[in-house]
Number of protein chains: 2
Amino acid sequence: MSAGDATILLVDDHSVVREGYRSVLEKQPGLRVIAEAADGTEAYRLFKSEAPDLVVMDLSMPGIGGIEAVRRIRQWDKGAKILVFTMHQNAGFAVQAIRAGARGYVTKTSPPETLVRAVMDVLAGKIAISPDIDHELAMSRLAGESSAADVLTPREFEVMRLLLAERTTDEIAETLHVSPKTVANLHSLIKDKLGVGSDIELVRLALRQGLLTQVDLGEA
Amino acid sequence: MSAGDATILLVDDHSVVREGYRSVLEKQPGLRVIAEAADGTEAYRLFKSEAPDLVVMDLSMPGIGGIEAVRRIRQWDKGAKILVFTMHQNAGFAVQAIRAGARGYVTKTSPPETLVRAVMDVLAGKIAISPDIDHELAMSRLAGESSAADVLTPREFEVMRLLLAERTTDEIAETLHVSPKTVANLHSLIKDKLGVGSDIELVRLALRQGLLTQVDLGEA
DNA sequence: GCAATGTCGTGAAATTTTCCCGGTGCTCGC
DNA sequence: GCGAGCACCGGGAAAATTTCACGACATTGC
């Protein structure tokens, strides 16, 4: 490996998965993995100290998640090249990641070649999206499913968040310093705007759009 | 590698992850990965043709999931040794996996040594549960959280399934050939038995207990 | 037999959801 | 400045739902 190798920081909370990245990427000449992180905070710290050419980052991680880590790193270095590599084959997550500043989004179901190709593309300054996500994005556009984050006002979004966080209407009213009646009205309005008929559908929509991850659901 | 090596079948829908397994396991003398599968169906087929000493299996996969794959393999070979290796740090999944016939349950957050250790233990005929899951199981016992599958009658469970499947009360009444009123009653009774106050909590409980996986929630 | 339990349904009360309304305050364009 | 539009707050009343109490029936186990 020459001094001109591109340096990479791997971020994933599963050590065995990092091992897989490393194995795939290091077979590729010109790439060198110089550090690994197991969560968002560590990733941010290592990015600052190691200044890698590229970050390959998972999304679902304990503590601050991948999206937030992307945001922080980009805030620190506007030019940071971050490739999100995740299991979520889901347009919602991809949109969030790209908006947060990621330069690529590849799903873990993709063959190794796709990952390598995406790494090269991002290093070359291009945006890399894996074909399955391209398709998901196209579909979600066609289906015209309203994105909760877009159609909802900040207040509505906040109420939805609390609703999904398993709070009762009264608790939410309390924390927001408004009457329970207002919360109930908002609740109803949210479902209307999102086009869902029940709370169950609401949760599922939130899950689909990546507003809620399975791990948020309180493990024990 | 001698002819006496233990043979292993890897099952995971993420190729990069399989690469990681392989890298970790093959560093260990006495182990040999002889096949890989990307979904449950393929796993079953390869188990029959390759007859590996051990299967290392992920749970969340397209098509028939890991739990069902475990069940089928064990049905075909009562002595099959299957180690579940998954991201779900969740007592509910572990209980399901073990009941389906898995001989071990290790989370992907575990360090590589834990995986290797578990592989050895299962090969030696022991049951291997990673420490974090041990703890989860203990906690869920202590919390006395009612397991939906246990406290609900078959009928109630069925209604819950349909409820979570995004069906309206009326649709469910239709498919079950009972009055909508009965479904509403059951719905109420289910929430009562499970000790949840809202549908949102119900969905979250189901998610926690692995009755519903994120992928069930309809990607796009 | 008979007690226990699951299943299905009714009816009526209690609660919640929904819809419509008015009022405030803000920003934007003219 | 000034109206238009929108986010935001909440009241009132109708509509829908949830909940609770109750009865009936079949099945199971002792």
Side-chain angles (χ1 to χ4, degrees), chain A residues 95-96 99 144-209 211-212, chain B residues 99 144-209 211-212:
Chain A
V95 170
Q96 281 190 68
R99 284 192 188 159
E145 180 170 81
S146 26
S147 157
D150 292 337
V151 26
L152 263 32
T153 68
R155 195 57 157 180
E156 288 158 356
F157 196 79
E158 174 71 0
V159 169
M160 186 178 82
R161 245 182 21 78
L162 293 169
L163 244 12
L164 295 173
E166 219 163 45
R167 300 298 180 70
T168 68
T169 297
D170 289 330
E171 283 170 356
I172 296 173
E174 173 107 18
T175 60
L176 257 35
H177 303 294
V178 297
S179 91
K181 182 64 202 254
T182 298
V183 176
N185 278 338
L186 257 346
H187 185 173
S188 176
L189 186 60
I190 289 165
K191 288 200 289 183
D192 188 36
K193 278 196 178 182
L194 261 28
V196 298
S198 69
D199 283 344
I200 290 177
E201 278 183 80
L202 181 65
V203 178
R204 297 175 58 130
L205 180 76
L207 247 4
R208 269 205 305 280
Q209 302 203 349
L211 272 23
L212 202 58
Chain B
R99 284 191 188 162
E145 181 170 81
S146 19
S147 157
D150 292 337
V151 26
L152 262 31
T153 67
R155 195 55 155 183
E156 287 159 357
F157 196 79
E158 175 70 1
V159 169
M160 186 178 80
R161 244 180 24 76
L162 292 168
L163 244 10
L164 296 173
E166 219 163 43
R167 300 299 181 70
T168 68
T169 298
D170 289 331
E171 283 170 355
I172 296 173
E174 174 105 19
T175 59
L176 257 35
H177 303 295
V178 297
S179 90
K181 183 70 199 209
T182 297
V183 176
N185 277 337
L186 258 343
H187 186 175
S188 175
L189 186 59
I190 288 165
K191 288 200 288 182
D192 188 36
K193 278 196 178 181
L194 261 27
V196 299
S198 68
D199 283 343
I200 289 176
E201 277 184 80
L202 181 65
V203 179
R204 297 176 57 131
L205 180 75
L207 248 4
R208 270 206 304 280
Q209 301 202 351
L211 270 25
L212 202 59

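Here is the naming used below: chain letters follow the sequence lines, and residue numbers restart at 1 for every chain. Keep in mind that this is a model prediction, so the values were computed, not measured.
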| field | Which residue lies more 5' along DNA chain C, comparing B/Val178 with B/Lys181 via nearest heavy atoms | value | B/Val178

| request: Check every strand shown and say whether B/Asn185 touches a base, only sugar-phosphate, or nothing at a heavy-atom separation below 4.0 Å. | output: base

| field | Spacing between B/Ile172 atom CD1 and D/dT18 atom P, to the nearest angstrom | value | 11 Å

| message | Is the phosphate of D/dG10 approached by A/Thr182 (side-chain N or O, under 4.0 Å from OP1 or OP2)? | response | yes

| Between A/Leu189 (CG) and D/dC6 (C1'), how many Å, whole number? | 12 Å

| request: Classify the side chain of A/Lys191 versus the base of C/dT16 as yes if they form a donor-acceptor pair under 3.5 Å and no if they do not. | output: no

| remark: Whole-Å distance, A/Asp170 CG to C/dT15 C1', equals 12 Å

| Whole Å only: how far is the CG atom of A/Asp199 from the P atom of C/dT17? | 7 Å

| remark: From CG of B/Leu202 across to P of D/dT19 the rounded distance in Å is 11 Å

| Exam field: side chain A/Glu174 to backbone A/Asp170, donor-acceptor pair closer than 3.5 Å | no

| 4.5 Å side-chain heavy-atom contact, A/Thr153 and A/Glu156 | yes

| field | Nearest-angstrom distance from the residue atom CD1 of B/Ile190 to C1' of D/dT18 | value | 13 Å

| request: Let me know the distance between CG of A/Leu186 and P of D/dC8, rounded to the nearest Å. | output: 8 Å

| field | Side-chain N or O of B/Ser188 closer than 4.0 Å to phosphate OP1/OP2 of D/dT19 | value | yes

| field | Atom-pair distance (CZ on B/Arg155; P on D/dT28), nearest Å | value | 16 Å

| said: By the definition side chain to side chain donor-acceptor pair (under 3.5 Å), identify the one residue from B/Asp199, B/Thr169, B/Thr182 that meets it with B/His187. | reply: B/Asp199

| task | Before accepting this row, confirm whether a basic side-chain N of the pair A/Arg161/A/Glu158 lies closer than 4.0 Å to the acidic partner's carboxylate O. | result | yes

